[in-house]
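Here the structure is laid out as C-alpha cells; the discussion comes afterwards.
Scope of the values below: all heavy atoms of this structure, side chains included, with no hydrogens, waters or symmetry mates. The model shown is predicted, which means the values in this text are computed figures rather than measured ones.
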Amino acid sequence: MTSPDRSAPAIDPDLVISHKFSEISFCYTERDAALYALGVGACAGDAVDEKELNYVYHRNGQKSIQKALDLKKYDPRLLLHGQQYIEIYRPLPSSGSIVNKVAIAGLHDKGKAAIIELETTSYLKESGEALCMNRSTIYLRGSGGFSSSSHPYSYKTYPDNQILHVSAPKHQPTVVYEDTIQQSQALLYRLSGDYNPLHADPMIAQAAGVIYQTKVKERNRAVLSGYVLLKHNSSL
C-alpha cells in the first residue's frame with residue numbers, strides 16, 4: 001500500500017464544504033442544441049432519420065431570406081443559392097467579434113425567376129476595420145416577370161468588370177480527387193450560418209425539385225446528402 005504524500009498540501013474539509021459557487025447565467029439556442037445532438041451522433045447513419053432529425057433541425061424556428069427581405073409573394077421552397085463572390089482585405093482572426101452590414105447589391109428580372117444579390121461586409125467590432133466582403137446571389141424561382149419583357153429590370157451597385165467570367169475547360173481534368181461525404185455533413189455545415197431548409201428538410205428538398213442521393217447497402221432512395229443533383233427542368 002502506498003503511503004500518502006505528506007509533502008502535498010492537506011485538504012481542509014471545512015473549507016471545501018463551505019465553498020459557495022457564484023451564480024452563472026447561460027443562454028443557448030436551437031443551434032447549440034443541434035450542434036450537441038450532432039456531436040453525440042444524431043443522424044450519423046441516416047441524415048433524414050425521422051426521429052433523430054427532430055434533434056438537429058427545428059422546422060418552426062428556421063431563419064430564412066423571406067423574413068429578412070419581407071418577400072410576401074415568395075415561396076421559400078423555391079430558393080436556390082447561385083453565384084458567390086468574395087473579397088478578403090486582411091487575414092481573418094481565429095477569434096473575435098464581427099459586425100456584418102448587409103445591403104442589396106443587385107436585383108434582376110429573369111422572366112420565370114428573380115435574382116437578388118446580397119452584399120455583406122464584415123468588420124472587426126473593436127476597430128471597425130473591414131475584413132471581407134461577400135456577395136451572394138439568391139435565385140428565386142417563380143418570382144420573375146415583375147417588369148416589361150422587352151426591357152427587363154436589372155439593377156446592380158458594382159461595375160461590370162469586377163467579376164471575371166470563366167468558362168469551364170473542355171479537356172479532361174488534370175487531377176481527380178475523391179472524398180467521402182458523411183451522412184450528417186450537410187446538417188453540420190448549416191450550423192455555420194446557412195439556415196436554408198434545403199440543407200436539412202427532405203420535404204423542402206422534394207418540393208424544390210432537388211434530388212438528394214446516396215448509395216446504401218440495403219437500398220437506393222432519395223435522402224439528404226452534402227451534395228445535390230438538380231433534376232432537369234426546362235423552367236430553370
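The two residues Ala42 and Ser184 come nearest to each other via the heavy atoms O-CB, 4.3 Å. In this structure, His81 and Thr137 approach most closely via the heavy-atom pair CD2-O, 3.5 Å. Scanning both residues, Leu187 and Ala47, for their nearest heavy atoms gives CD1-O, 3.7 Å. Nearest heavy atoms, Ala34 versus Val56: CB-O, 3.4 Å. In plain terms, the two heavy atoms of Gln183 and Ala44 that are nearest each other are CB-O, 3.3 Å. The nearest pair of heavy atoms linking Phe146 to Ala114 is CE2-CB, 3.9 Å.
Placement of Leu92 and Leu124 within a single hydrophobic cluster is found when ILVMFWY residues are connected by side-chain heavy-atom separations under 4.5 Å, directly or transitively. Criterion: ILVMFWY side-chain heavy atoms under 4.5 Å apart, direct or through other members. Under it, Leu118 and Tyr153 are part of a common hydrophobic cluster. Leu131 and Val102 are members of different hydrophobic clusters when ILVMFWY side chains are connected at heavy-atom separations under 4.5 Å. In the hydrophobic clustering of ILVMFWY residues, with side-chain heavy atoms under 4.5 Å counting as a link, Tyr123 and Met133 come out apart. Taking hydrophobic clusters as Ile, Leu, Val, Met, Phe, Trp and Tyr residues chained together by side-chain heavy-atom distances below 4.5 Å, Tyr36 does not share a cluster with Tyr189.
Under a cut-off of 6.0 angstrom, the local environment of CD in Glu126 is crowded, with over 12 non-hydrogen atoms contributed by other residues, nucleotides or ligands. Counted within 6.0 Å of NE2 on His19, heavy atoms from surrounding residues, nucleotides or ligands total more than 12; the atom is thus considered enclosed.
Taking 4.5 Å as the limit, every side-chain heavy atom of Ser148 sits out of range of all side-chain heavy atoms of Asp109. Between Ile115 and Lys110 the shortest side-chain heavy-atom distance falls below 4.5 Å. Contact check for Glu117 versus His108: side-chain heavy atoms found under the 4.5 Å cut-off. Using a 4.5 Å heavy-atom threshold, the side chains of Gln162 and Lys156 count as separate. Side-chain contact between Leu188 and Leu35 is present, with heavy atoms from C-beta onward closer than 4.5 Å. Put simply, the side chain of Leu191 reaches to within 4.5 Å of the side chain of Leu38, judged on heavy atoms.
Asp32 CG to Cys27 SG: the interatomic distance, rounded to the nearest 0.5 Å, is 10.0 Å.
Applying the salt bridge (Lys or Arg N to Asp or Glu O under 4.0 Å) rule to pairs touching residues 81-101 yields Arg90-Glu129, sequence neighbours excluded.
In this structure a side-chain-to-backbone donor-acceptor pair under 3.5 Å is missing from Asp49 to Gly45.
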Between Tyr85 and Glu119, does the side-chain hydrogen bond (donor to acceptor under 3.5 Å, both in side chains) criterion hold? Intermediate values first, please.
CA-CA 9 Å; Tyr85 173 84; Glu119 190 169 283; over 6 Å; no
Just do the side-chain contact (heavy atoms from CB on, under 4.5 Å) check on Tyr57 and Arg190 with the steps written out, would you?
CA-CA 10 Å; Tyr57 171 65; Arg190 64 185 291 274; 3.8 Å; yes
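Clustering of Ile, Leu, Val, Met, Phe, Trp and Tyr side chains at separations under 4.5 Å places Ile86 together with Ile88.
The closest side-chain donor-acceptor pair between Thr120 and Asn100, if any, does not fall under 3.5 angstrom.
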